[in-house]
There are 2 protein chains.
Amino acid sequence: MLFSKTCEYAIRACIYIAQQSGEDKKVAIKEIAKGIDSPEHFIAKILQNLSKKGFINSVKGPNGGFYMDKKNMKTTISDIVLLIDGDSLFTKCVLGLKQCSENKPCPLHNQYKHTRKEIIELFRNSKIGQISEQVDLNETFLKLK
Amino acid sequence: MLFSKTCEYAIRACIYIAQQSGEDKKVAIKEIAKGIDSPEHFIAKILQNLSKKGFINSVKGPNGGFYMDKKNMKTTISDIVLLIDGDSLFTKCVLGLKQCSENKPCPLHNQYKHTRKEIIELFRNSKIGQISEQVDLNETFLKLK
DNA sequence: AAAATAAAGGATAAAAAACTCTTTTATTAA
DNA sequence: TTAATAAAAGAGTTTTTTATCCTTTATTTT
Ligand code: FES
Ligand code: FES
């Protein structure tokens, strides 16, 4: 498993919010939970955190909810992963050595470093705004029926 | 994190046993724990499991311990991962959708599938026997200092 | 045969991750 | 200005992962 459950939900939620909302249209927790098929109270906590860190925007009260402004549309998958799971996936030794380095590499280091670089690039190049468009076109999905 | 802690220890332990042991020379739990810098009682449990599944060989009593026969030298990292962590890393959706498929792909599926293939290949092509030789030559390491 | 050794097995404990519930605060609309 | 709404905040529970301890079994050496 690359990501924690929390991180999976966070990414799906961000994409959903980007796709469903606008400055005027907001989406409520309940709708998000349904839209990405996640536990309602759990995603609530995650959204709270994303909001506090400024990754998504929120408004309380009637007609309130979550939305994503232009700036936040540029957030990358990498940004979200770093916020939720930290940089372990990107920097830590795949076999759990205290640190990953070229001097004292683990037996998988030399092959794995290339794959890891690819992973990092992939997530760095994936912007929420652009991804949400694919979902909008029904090319990709955030939950299964 | 790609692997569970259990899986990291299991891989390191297998490589250590392959490198240190032979049909006549066996290594004890204590030495293994030191050699790969893992909790002694925890690695004991893991070795028990690896032994039961036939991934490593063991002998009880004085001068007993763990070793690895010719056949087990051919075990791959992939085999160990499948035993300990199951196939989630290789088959499950990276964003946690109920299933990963081409029909209903998640937003990361199309790029990620190539990376995943690389990961799978990398681990399938890494044989314990061959890896242990690198460690023997001090080219790669199982613990830091 | 007895004592010593080392893994196997089983039960438990601590920590982290996943998930839930209840109360409070901000905002809006009636 | 009151009632309703929806997120924020905080506390709590459950489950899984990580780790430890103790007893039993097998083997070997004395
Ligand atoms: S040292 Fe293990 S991945 Fe770099
Ligand atoms: S559907 Fe998500 S990785 Fe294939």
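Chain naming here is simple, since letters A, B, ... match the order of the sequence lines and numbering starts at 1 in each. Treat the numbers as computed from the prediction; the structure is a model and nothing was measured.
Regarding B/Tyr67, its OH atom lies at a distance of 14 Å from the C1' atom of D/dT27, rounded to whole Å. Straight-line distance from the NZ atom of A/Lys52 to the P atom of C/dT25: 16 Å, rounded to whole Å. Atom-to-atom, NZ of B/Lys30 to C1' of D/dC21 comes out at 14 Å; the value is rounded to the nearest Å. Rounding to whole angstrom units, CD of residue A/Glu31 and P of D/dA7 are separated by 10 Å. In this structure, A/His41 places its NE2 atom 12 Å from P of C/dT23, rounding to the nearest Å. The distance between atom CD1 of A/Ile43 and atom P of C/dC21, rounded to the nearest whole Å, is 16 Å. Across the protein-nucleic acid pair, A/Asn49 atom CG and C/dA17 atom P stand 14 Å apart, rounded to whole Å. Here C/dA7 presents its P atom at 15 Å from CE of B/Met68, a figure rounded to the nearest Å.
Looking at the side chain of A/Lys5, the nearest of the listed nucleotides D/dA8, D/dT5, C/dA18 is C/dA18. Residue A/Ser51 has its side chain nearest to D/dA8 when only D/dA26, D/dA8, D/dT18 are considered. Relative to the side chain of B/Lys45, the nucleotides D/dA8, C/dA7, C/dG10 differ in distance, and C/dG10 lies closest. For A/Ser58, the side-chain atoms get nearest to D/dA7 when compared with the rest of D/dA7, C/dA7, D/dT20. Counting only heavy atoms from C-beta on, B/Lys60 has its side chain closest to D/dA26 among C/dT20, D/dA8, D/dA26.
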Between B/Asp37 and A/Lys98, does a salt bridge (charged side-chain N to carboxylate O under 4.0 Å, His left out) hold up when you go through it step by step? CA-CA 10 Å; B/Asp37 190 27; A/Lys98 291 258 161 61; 2.9 Å; yes

Would A/Lys113 and A/Glu102 satisfy salt bridge (charged side-chain N to carboxylate O under 4.0 Å, His left out), going step by step from the backbone distance to the final call? CA-CA 10 Å; A/Lys113 66 180 175 186; A/Glu102 291 289 326; 3.2 Å; yes

Derivation of the side-chain hydrogen bond (donor to acceptor under 3.5 Å, both in side chains) call for B/Glu31 and B/Tyr16: CA-CA 10 Å; B/Glu31 197 198 321; B/Tyr16 185 82; 2.9 Å; yes

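Each of A/Phe42 and A/Pro62 was assigned the nucleotide of DNA chain C with the nearest heavy atom; the assignment lying further toward the 5' end belongs to A/Phe42. Mapping A/Gly64 and B/Asn63 onto DNA chain C by nearest heavy atom places B/Asn63 closer to the 5' end of the strand.
Within the 4.0 angstrom heavy-atom criterion, only backbone atoms of the sugar-phosphate kind lie near A/Ile29; the bases stay farther away.
Phosphate proximity of D/dT17 to B/Ser4: absent, as no side-chain N or O sits under 4.0 Å from OP1 or OP2. Contact check, A/Tyr9 against C/dC19: a side-chain N or O comes under 4.0 Å of OP1 or OP2.
In the interface, the side chain of A/Gln48 is paired with the base of D/dA9 through a donor and an acceptor atom under 3.5 Å apart.
Between the side chain of B/Arg116 and the backbone N or O of B/Lys92, at least one donor-acceptor pair lies under 3.5 Å.
Note: A/Phe123 and A/Phe3 meet the aromatic proximity criterion, with ring centroids under 6.0 Å apart.
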